[in-house]
2 protein chains.
Amino acid sequence: MNTVEAIFEATIQVLISDGPGDLTTTRVAERAGVSVGSLYQYFPNKQALFHAVNERYLTMLAERVEAACLAHRGARYAEMADALVSTYIAVKIERRDVTIALYRAAAEVDVAEIVEAMSQRIEAASQAMFTTASDAKFANLSTVNVMMLNVLCGTVRNVFERDMSELLIDGGLRTQLTLMFCTYLDAAKFPPSEA
Amino acid sequence: MNTVEAIFEATIQVLISDGPGDLTTTRVAERAGVSVGSLYQYFPNKQALFHAVNERYLTMLAERVEAACLAHRGARYAEMADALVSTYIAVKIERRDVTIALYRAAAEVDVAEIVEAMSQRIEAASQAMFTTASDAKFANLSTVNVMMLNVLCGTVRNVFERDMSELLIDGGLRTQLTLMFCTYLDAAKFPPSEA
DNA sequence: TCAAAACCTGAAGAATCCTTCTTATTTTCA
DNA sequence: TGAAAATAAGAAGGATTCTTCAGGTTTTGA
């Protein structure tokens, strides 16, 4: 394994086992099996390393969601909602420990910028998808779309941070969130469905 | 002002201006206009101070939500949803800087316990309220209720941390979240409304 | 082959930070 | 009033941490 790769992985492992408060250059180097000096050969400082790890993870997340949105253009809106929710949760659940570790570390000001950038990528991809829904047009899609993504990201984070395993393993979160989005989208449909 | 009170307020101010990473006993004492020695007269260590500040804030939040839930028993479920959303957002928006500062500081393991305890208080109060809805019974209220609160807490946090001012000032967050809950509750109603 | 470049090492400097402890001041209350 | 208790002050100890640097080892490529 590459030295840089080892450092990346070690950073995540330290984050998982010791938390962001105990993420020290010494510990990362030790875990990566290299010296502190080597670490500073590739990263100008601790902050840069931390930034890189977060950027990598969030970029991967954004790409996966973008791909899913692209793949569901022209589908029915209920399928779109399910795809969005399912993909997002799937990525997050794939490496649960990493997900939780990075959620905890997200407090740093530095990370906020990355989160913002990736949020906008995802929002754009999602909105582009819903615009092509085969069975509905939406009145104020922009607002609705922003809401859904805030709800999706926020709720998933909350569930992970509270470690509500039941909701994750039995798919309850996915099912309920999809249902919620479907009813919400239905209400935003244009022209409105007669009730 | 009390010394303890001054220390509490100073802690929040340091959290707001310098962030949780630079929350030092020296800085807090300085800002509070007391010596470090005095700080340690009231709190055994920095952690305890931090814990106390968070507990105080979250307890207040829980109490306000509980009161709102109690006040809306027997109402229509749409009104309940609005009350829940409105109250929660109102409390969070009242002192926006404090809200944001504590969100950022919530990464500490110590805080997770308090968050969990308060979440359960709020969940219980909310469920008790929705049980008394005058215009509907809900099939699996427990699941629906847990979902709504995760969505509420998660989404609001997301919006604050991303600093999406538009959604807060024009009431868009409140309106949309309430609408989403109403459509969701409507789908969970028993017996189901004919579509 | 062999010099230059790249890479690695780990001790040490410089800067903080948490916490304690001794001393001083103020308040309590008998 | 006056002594005991409570409160306050802030310098200093002890422990970490980030980062640099001088000097080795390995790889490259001509």
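The sequence lines fix the lettering, A, B, ..., with proteins before strands; numbering per chain opens at 1.
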Exercise for review: Check whether any side-chain nitrogen or oxygen of S35(B) sits under 4.0 Å from OP1 or OP2 of dG10(D), and answer yes or no.
Suggested key: no
Practice item. Figure out the CD1/C1' separation between I7(A) and dC8(C), and round it to whole Å. Key: 11 Å
Review point. Does a side-chain N-to-carboxylate-O contact under 4.0 Å join D163(A) and R96(A)?
Key: yes
Practice item. Answer with base, sugar-phosphate or nothing: what part of the nucleic acid does Y42(B) contact at a heavy-atom distance below 4.0 Å? Key: sugar-phosphate
Practice item. Fit a plane to each ring of Y103(A) and F160(A), take the angle between them on a 0 to 90° scale, and name the class: parallel (under 30°), tilted (30 to 60°) or perpendicular (over 60°). Key: tilted
Polar atoms only, N or O, under 3.5 Å: list the protein pairs with nucleotides 14-18 of chain C and their distances.
from: dC17(C); atom 1: OP1; to: R27(B); atom 2: NH2; distance (Å): 3.0
from: dC18(C); atom 1: OP1; to: K46(B); atom 2: NZ; distance (Å): 2.8
from: dC18(C); atom 1: OP2; to: T25(B); atom 2: N; distance (Å): 3.0
from: dC18(C); atom 1: OP2; to: T25(B); atom 2: OG1; distance (Å): 3.1

**Study point:** Nearest non-hydrogen partners of H72(B) and M80(B), listed with the distance
**Key:** O-CE, 3.3 Å
Check your understanding: Can you tell me how far P of dA8(D) sits from CD of E30(B), to the nearest Å?
Key -> 18 Å
Exercise for review: Whole angstrom is fine here: how far is it from CD in Q41(A) over to P in dT26(D)?
Suggested key: 15 Å
**Study point:** Under 3.5 Å side-chain donor-acceptor pair for E123(A) and Q127(A)
**Key:** no
Study note, to complete from the structure: So NZ of K92(B) and CD1 of I100(B): to nearest 0.5 Å the spacing works out to 10.5 Å
Check your understanding: Expressed in angstrom and rounded to an integer, what is the separation of L39(A) atom CG from dG10(C) atom P?
Key -> 14 Å
Practice item. Determine the contact category for V34(B): base if any of its heavy atoms lies under 4.0 Å from a base atom, sugar-phosphate if only primed atoms, P, OP1 or OP2 are that close, otherwise nothing. Key: sugar-phosphate
**Study point:** pair V14(B)-D22(B): side-chain heavy atoms closer than 4.5 Å
**Key:** no
Check your understanding: Under 4.0 Å between a side-chain N/O of S38(B) and OP1 or OP2 of dA9(D), yes or no?
Key -> yes
